[in-house]
Structure formats: C-alpha cells, structure tokens
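These numbers come from the heavy atoms of this one structure, side chains and all, not from hydrogens, waters or symmetry mates. Predicted model only: the values in this text are computed from it and were never measured.
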Protein chains: 2
Amino acid sequence: MNKRLTLKDVAKAADVHVSTVSRALDPNSSTSLSEEVSNRIKVVAKELGYRPNRIAAGLRTNKSMTVGVMIPDITNTLFPPIVRGIESTLEPFGYATILVNTDNIPERELRLIEVLRERGVDGIITVAAHRNDPGIAELIELGIPVISLNRRLDISTVPYVINDDNVGMKLLLKHFFDLGHRRIGHIAGPRDLSTGQIRAAAFSEGCKAHGLPDCADLIYYSDRFEEAEGERCTVELLRTNPDITALLCANDRLAIGAYSGIRSLGLRVPEDISVTGFNDSPILESIPPRLTTVRIQKFEIGQAGAKLLLNALQGGAKGPIGTVLPVELIIRDSTCAPRSES
Amino acid sequence: MNKRLTLKDVAKAADVHVSTVSRALDPNSSTSLSEEVSNRIKVVAKELGYRPNRIAAGLRTNKSMTVGVMIPDITNTLFPPIVRGIESTLEPFGYATILVNTDNIPERELRLIEVLRERGVDGIITVAAHRNDPGIAELIELGIPVISLNRRLDISTVPYVINDDNVGMKLLLKHFFDLGHRRIGHIAGPRDLSTGQIRAAAFSEGCKAHGLPDCADLIYYSDRFEEAEGERCTVELLRTNPDITALLCANDRLAIGAYSGIRSLGLRVPEDISVTGFNDSPILESIPPRLTTVRIQKFEIGQAGAKLLLNALQGGAKGPIGTVLPVELIIRDSTCAPRSES
DNA sequence: TTAGGTTGTGCAATCGTTTGCATGATTTGG
DNA sequence: CCAAATCATGCAAACGATTGCACAACCTAA
C-alpha cells in the first residue's frame with residue numbers, strides 16, 4: 001500500500017518548490033514559467049506517475065469537478081440513455097457524475113440533494129424534478145447550477161431540456177382524427193409532473209382545435225407512470241365512457257397497462273380500442289400489438305442537458321433557458337380506424 | 001450565494017472550539033465530551049443547518065466516502081438492476097457512487113480508473129472486468145479494495161460475485177438432452193471474459209457427462225456479447241454443422257442474434273433449431289418465440305457486491321472471497337423436441 | 001493534604017493543492 | 001552603467017475538517 005504521490009514528491013524529485021510544480025502542471029496558470037523548468041517538471045511528473053489529488057484541489061478551489069445526476073430509478077428503461085448522454089458529454093471535460101435514485105419520493109429526493117451538496121458537486125442535473133420542487137428551489141437560491149431534464153419546474157429560472165410534448169400530442173391526436181376517431185380518451189400522467197400536465201393540456205387544446213366536444217371528462221389522471229396505474233385508469237375510464245374508441249396514454253408504460261385493462265373488459269386492441277403511448281421505449285417493438293407512439297430523443301436529452309450545465313459552470317453567456325427537442329410519430333399496430341357504427 | 005456553513009461558524013455560535021464541535025458531531029469520537037456541551041452543540045448545529053464538508057473531511061481522513069462503479073454500458077439492460085442493487089446497499093452507509101461506462105474498451109477502462117483514483121474513491125466495484133485486467137491488478141497492488149461482479153479475474157485475490165454459470169449451463173444442457181437433442185451447438189462469449197470462458201467450459205464438460213461425442217467443433221466463440229455477433233456465429237456454425245438441432249447461446253443477446261441467423265438460413269425456431277440464452281433480460285417475455293433461458297439475480301448481485309465492498313472497507317474479518325448466486329432455468333417457447341429423424 | 005488519576009476542552013499540526021505576494025535574477029532603455 | 005521594468009521562482013497562507021497532545025479543573029484515596 002505505497003503512499004500516493006503528491007506535489008511535494010514531484011517537487012523534491014525536480015528540485016523545485018511545490019508551487020512551481022503546481023503551476024507547471026496547470027495548463028492555464030496565470031504565472032509564467034521558463035520553458036525549461038516547466039518541461040523538466042512535466043517529464044519528472046510523468047515519469048513518477050504523478051496524479052493530482054482532486055479532493056485537495058477541490059478543497060482549495062471549491063470546485064469538485066463532479067456533478068450530481070438525480071433520476072427516479074435507473075431500472076426504468078427511459079433513464080439509462082439519458083444518463084449515458086450526460087456522462088458521455090461531461091466526462092471529456094473532466095467531470096465525474098454521482099448517480100442517485102429518488103424513486104420519485106420527495107423526502108428521499110431532499111436527502112439525496114444533501115448527500116450531493118456534502119460532496120460539493122459543482123452542479124446537478126435532475127431528471128426527477130417535480131413541478132413544485134422545494135429541494136431544487138433551495139439549490140437555485142444557493143447558487144448551485146441545476147438543469148432539469150425531461151420535466152419542467154413551475155419556477156421559471158431553472159434551465160430545462162424537454163421533448164416537444166405539445167407537438168407529440170398533436171401528432172397523436174391528428175393520427176386518431178385522420179383514422180376517423182371522434183371519442184378519444186386520455187390517460188394522463190401525474191398532476192405534479194410537468195410531463196403529465198403539459199401533455200394533458202395539449203390534449204385538451206388539440207381536441208378543441210379539432211372541434212371535438214368537451215373532453216374534460218375523457219381525461220383520467222394516473223397517480224404514477226406505471227403499468228398498474230394505466231390498467232386501473234383505463235378500466236375506470238372505459239366504464240364511465242363505454243363509447244370511447246381510442247385511448248391516448250401519457251406514456252408507454254401507461255399504454256401497456258391500458259392493454260391489460262382493455263383486455264380485462266373483453267375488448268381487443270386495436271380492433272375495439274386504439275391505443276397510443278409516448279416515449280418509444282425499446283421494448284415496444286416486441287410487445288404485440290406493437291404500440292403506436294411518439295419517439296423522444298433520450299441520449300440527446302442527456303447530451304443537451306450536460307451542455308447546458310457546462311455552460312452554466314463555465315459562467316458562460318447564459319444561453320437559452322430552455323431547449324425543446326423535436327419528436328417523431330411512430331405508427332405501428334396498436335391503432336386503426338374505429339369500427340364503423342353506421 | 002451565501003457561503004456554506006463551516007465548523008467554525010457553529011463553534012462561534014456555540015462558543016466553543018471547532019475541535020469540540022467536530023467531536024460533538026462525530027458519533028464515534030474517541031474523546032469524551034460532557035452531555036451538556038455535546039447536546040448544546042448538536043442543537044446549534046441543527047438550528048444553523050450545518051452540513052459537514054466531506055471534501056475537507058476526506059482530505060484529512062483519506063476517506064472520500066465514495067465508491068466507483070464501472071460498467072460497460074448503462075444502456076445495456078443487464079446493468080441497471082445491478083447498479084441499483086449497489087447504490088441501494090451503499091447509500092444507507094453514507095457512500096455515494098460515481099458511475100462510469102467503459103464500453104469494454106481497455107484503454108477507456110484504464111483512463112476511467114485514473115479518474116476514479118483522482119477522486120479518491122474508497123473502493124471500486126467493477127462489472128466490466130476482463131479476465132486479465134491490468135488496471136484492476138494495479139488497484140489491488142495499491143491496496144484499493146476492488147470487487148468484481150458478474151465476471152471473475154484470473155488473479156485469484158479479487159473478491160467476486162458471480163452467478164452459478166456452471167449450474168446454469170448444466171440445466172440448459174439437461175433440458176436439451178431431455179427433449180431428445182444430441183447435436184447441440186454453443187455460441188460462446190468472448191474468450192477474454194470470464195462469463196464466456198466459464199460457460200464454454202461448462203458446456204464441454206456437460207456434453208462429456210451426457211456421453212455426447214466430442215463437442216469442441218460445435219463451440220463457436222463470438223467476439224462480443226452482441227446480437228450481430230450472435231447472428232454471424234450462428235450462420236457460420238450452422239453452415240459447418242447442418243445437423244445441429246439445438247443452439248445454446250452464452251447470453252440472451254447472442255440468442256436473439258441467433259434467431260436472425262437461423263431465419264436467414266430459412267429455418268424456424270424452435271421447430272428446426274431450439275435456442276436458449278442466459279441472463280433472462282426483461283425484454284424476452286415479449287419477443288416471439290419467448291426465449292428459454294437461465295435467470296440470474298441482477299439486483300442481488302449488486303447487493304452482494306456492495307456488501308463485500310463494505311466489509312472490505314471496514315477492514316472486517318475478510319469473508320469469503322467469492323459469492324456464487326443460484327440461478328433458475330426458465331423454460332419458454334424457444335425450445336422443443338428435435339424433428340424426429342427416424 | 002497531596003499525589004495521582006480522571007475528565008472535558010482547547011491548541012495546533014496536518015491532509016495536498018492553489019495562489020497572492022515577496023524576492024532575487026535578469027533584461028531593458030536612456 | 002544604473003534605475004526600472006520584467007521575469008522566474010519561492011514563501012506561506014489559505015480551504016474545512018480531524019486528532020494527538022497539552023493542560024486545567026475536578027475527584028479520589030491514602
């Protein structure tokens with residue numbers, strides 16, 4: 001267990017002061033050094049295999065070169081590509097990422113924010129933000145850069161990267177409309193998540209635009225983005241509104257749950273009820289009937305978020321506060337024209 | 001951007017020395033403090049909302065309370081549950097996890113090990129180890145605790161948690177044998193990964209045990225655990241050995257690739273060729289024909305690995321160097337009796 | 001009563017870097 | 001040829017916590 005090399009060791013070997021070594025090894029040091037000494041030091045450092053201790057440096061500079069990444073749950077297929085996008089973008093700049101799972105539990109989220117702060121993260125990227133998120137609000141107040149991915153906060157000062165939920169919903173609605181559907185239900189996401197809220201709003205708006213009658217009672221809010229919730233809501237919605245011919249779900253998991261719900265009522269997808277999702281999870285290609293959905297850019301959302309954070313960390317000219325990534329309608333087998341009722 | 005509270009601030013507020021505060025807040029401090037002072041300090045600290053700066057503490061104690069987790073690629077469905085198992089187990093003990101993706105590229109792995117070392121991780125859990133891994137070997141030499149999950153290293157001093165690959169292969173082989181298969185091929189994993197090597201060895205051994213004729217030429221080594229490789233190897237193997245009726249693939253991805261390969265030759269799964277995988281990825285339930293495979297415990301492997309690391313970090317009595325988790329045969333639709341050739 | 005033992009707290013060094021300032025060496029210009 | 005400017009390097013103080021040691025106050029026992 002040989003001790004870690006320090007600046008002091010290099011300094012001794014190169015017969016200079018530690019501060020000189022520090023400067024020689026710092027590419028953008030303000031103080032000037034002679035080429036000769038600088039090179040000698042670099043050579044010695046490399047020979048000895050010197051590696052800086054970022055903890056010590058972090059203590060002095062108050063920069064840990066780490067960022068916190070908060071997600072609800074890494075085992076949810078939506079998040080790994082986002083996390084990968086973040087890591088791939090940040091790593092070349094020397095930032096390491098600390099990953100934490102909040103399970104969408106507010107207290108847990110608050111505790112994990114503390115954990116990250118104690119470790120002196122330079123910034124935080126959250127994919128787990130609630131519309132009204134006290135923890136995030138506090139971070140902002142403390143001046144710690146925060147980026148919210150996939151979701152938005154109600155407070156408008158938090159930079160975000162989201163998908164174009166609005167356009168996505170309109171595309172789905174138009175698809176239904178073109179097929180001939182007129183009674184369309186919506187299984188919405190949780191009210192406290194921006195994705196749920198934005199998509200529900202887009203749904204209402206879209207219905208109106210297509211001249212569909214009041215659709216407020218055709219929206220059913222789920223409590224969580226989970227299959228079981230999708231099933232429960234679908235059953236309840238179809239019980240109350242048996243004339244529905246199409247079901248627009250706020251995400252894929254709700255849609256897969258809707259499949260079960262529809263079948264439990266003795267109906268078929270899509271012959272009796274057309275179903276759509278949102279996100280385009282990788283599994284979908286293989287679950288029959290293959291789900292018609294909206295594809296969002298997952299890796300890219302992480303990438304864009306990381307860039308936004310880098311910009312904030314480098315104190316750069318503050319770019320746009322929000323980035324909206326384009327989406328794409330993916331038509332598969334879960335949608336068809338309604339049974340003719342003529 | 002109000003400054004972070006430090007021990008000094010608390011000390012001033014409680015009118016004691018910083019060292020006293022440090023001791024009061026350290027649950028297992030060796031020095032004794034009067035109840036009264038200790039409580040007063042705790043109250044003041046809580047009131048002020050003091051949070052220790054782990055960076056500073058880490059510098060002094062040489063413990064960062066972070067661990068590095070190295071995986072090939074978080075977007076591979078095998079890894080998220082493992083990572084979650086690690087994080088869930090470590091977090092309650094105050095450890096944060098830094099996640100890095102190696103993409104199975106050795107140079108990248110070496111660089112990332114440096115990144116982790118610079119950050120002073122207290123230990124490393126790798127799910128990306130090669131059988132012969134110079135980076136890991138160096139860590140061991142430096143006395144940094146390392147645990148290898150899912151894979152083993154050839155050097156025997158690295159504690160590991162693996163699944164019972166051996167039993168898993170025997171179960172699959174017995175399953176084939178019971179169905180009546182006698183010409184069984186094996187698409188093996190890469191030679192430099194222990195999973196590939198162990199499974200191939202178990203295959204050979206199992207063939208012999210069942211009295212099957214020399215099977216060495218029925219093993220085909222893939223270069224990577226990827227679908228495309230599975231397809232390529234399957235096609236080549238079946239070209240050379242057209243009498244094969246069953247294909248045992250070293251993991252699920254190779255098996256899914258095998259599906260394509262078999263179909264490209266105009267054959268059907270399982271009627272013409274039975275296929276099996278390994279791991280039981282979540283997608284499998286939905287890809288027809290549903291793959292017969294061996295289920296490994298993913299979350300548990302992370303959990304067990306984390307426990308092993310905790311043990312190593314607490315310098316505890318060194319427990320077993322290896323943990324082998326039980327596996328389970330999952331029979332689905334990709335296997336059936338061979339066509340009768342009577 | 002006093003020597004010796006506790007007990008509770010403060011002092012100061014330390015961890016490995018970074019960085020403002022001081023200082024000695026060298027160059028420049030008049 | 002000397003004063004002033006410039007350059008290269010060293011010095012030492014941070015950063016915020018931990019911890020061995022010193023020391024004062026108190027307690028106990030002979």
Spacing of [X] atom [atom1] relative to [N] atom [atom2], expressed in whole Å:
X	N	atom1	atom2	answer
K8(B)	dG10(C)	NZ	P	16 Å
N62(B)	dA17(D)	CG	P	18 Å
I41(B)	dG10(C)	CD1	C1'	12 Å
N39(B)	dG8(C)	CG	C1'	15 Å
R54(A)	dC15(D)	CZ	C1'	17 Å
M65(A)	dG16(C)	CE	P	21 Å
E118(A)	dG16(D)	CD	C1'	13 Å
D26(B)	dT19(D)	CG	P	7 Å

Checklist entry - Does the S64(A) side chain pair with the main chain of G120(A), one donor and one acceptor, at a distance under 3.5 Å? => result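 Yes, S64(A) side chain to G120(A) backbone: donor-acceptor pair under 3.5 Å.
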Q) Quick one: does R119(A)'s side chain have a donor or acceptor within less than 3.5 Å of a partner on M65(B)'s backbone? A)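 It does hold such a pair.
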Heavy atoms only, 4.0 Å cut-off, all strands: where does [X] land among base, sugar-phosphate and nothing?
X	result
R23(A)	base
S19(A)	base
S22(A)	base

Contact nearer the 5' end of DNA chain D, comparing V18(A) with L59(B) =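 Looking at the nearest nucleotide for each, V18(A) comes out on the 5' side.
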Below the 4.0 Å mark, does [N] have OP1 or OP2 next to a side-chain nitrogen or oxygen of [X]?
X	N	answer
Y50(B)	dG16(D)	no
H17(A)	dC11(D)	yes
T20(A)	dT9(D)	no

The reported gap from CG in D103(B) to CD1 in I71(B) (rounded to nearest 0.5 angstrom) is 9.5 Å
Of the candidates dT18(D), dT9(D), dT17(C), the side chain of S34(A) sits closest to dT9(D)
Closest to the side chain of R60(A), out of dG10(D), dT19(C), dT19(D), is dT19(C)
DNA chain C nearest-nucleotide lookup for A56(B) and R40(B): closer to the 5′ end is R40(B)
Margin query: If the threshold is 4.0 Å, N to carboxylate O, is there a salt bridge linking R111(B) and E107(B)?
Written below: no
- Determine, for R131(B) against D154(B), whether the closest basic-nitrogen to carboxylate-oxygen distance falls under 4.0 angstrom. yes
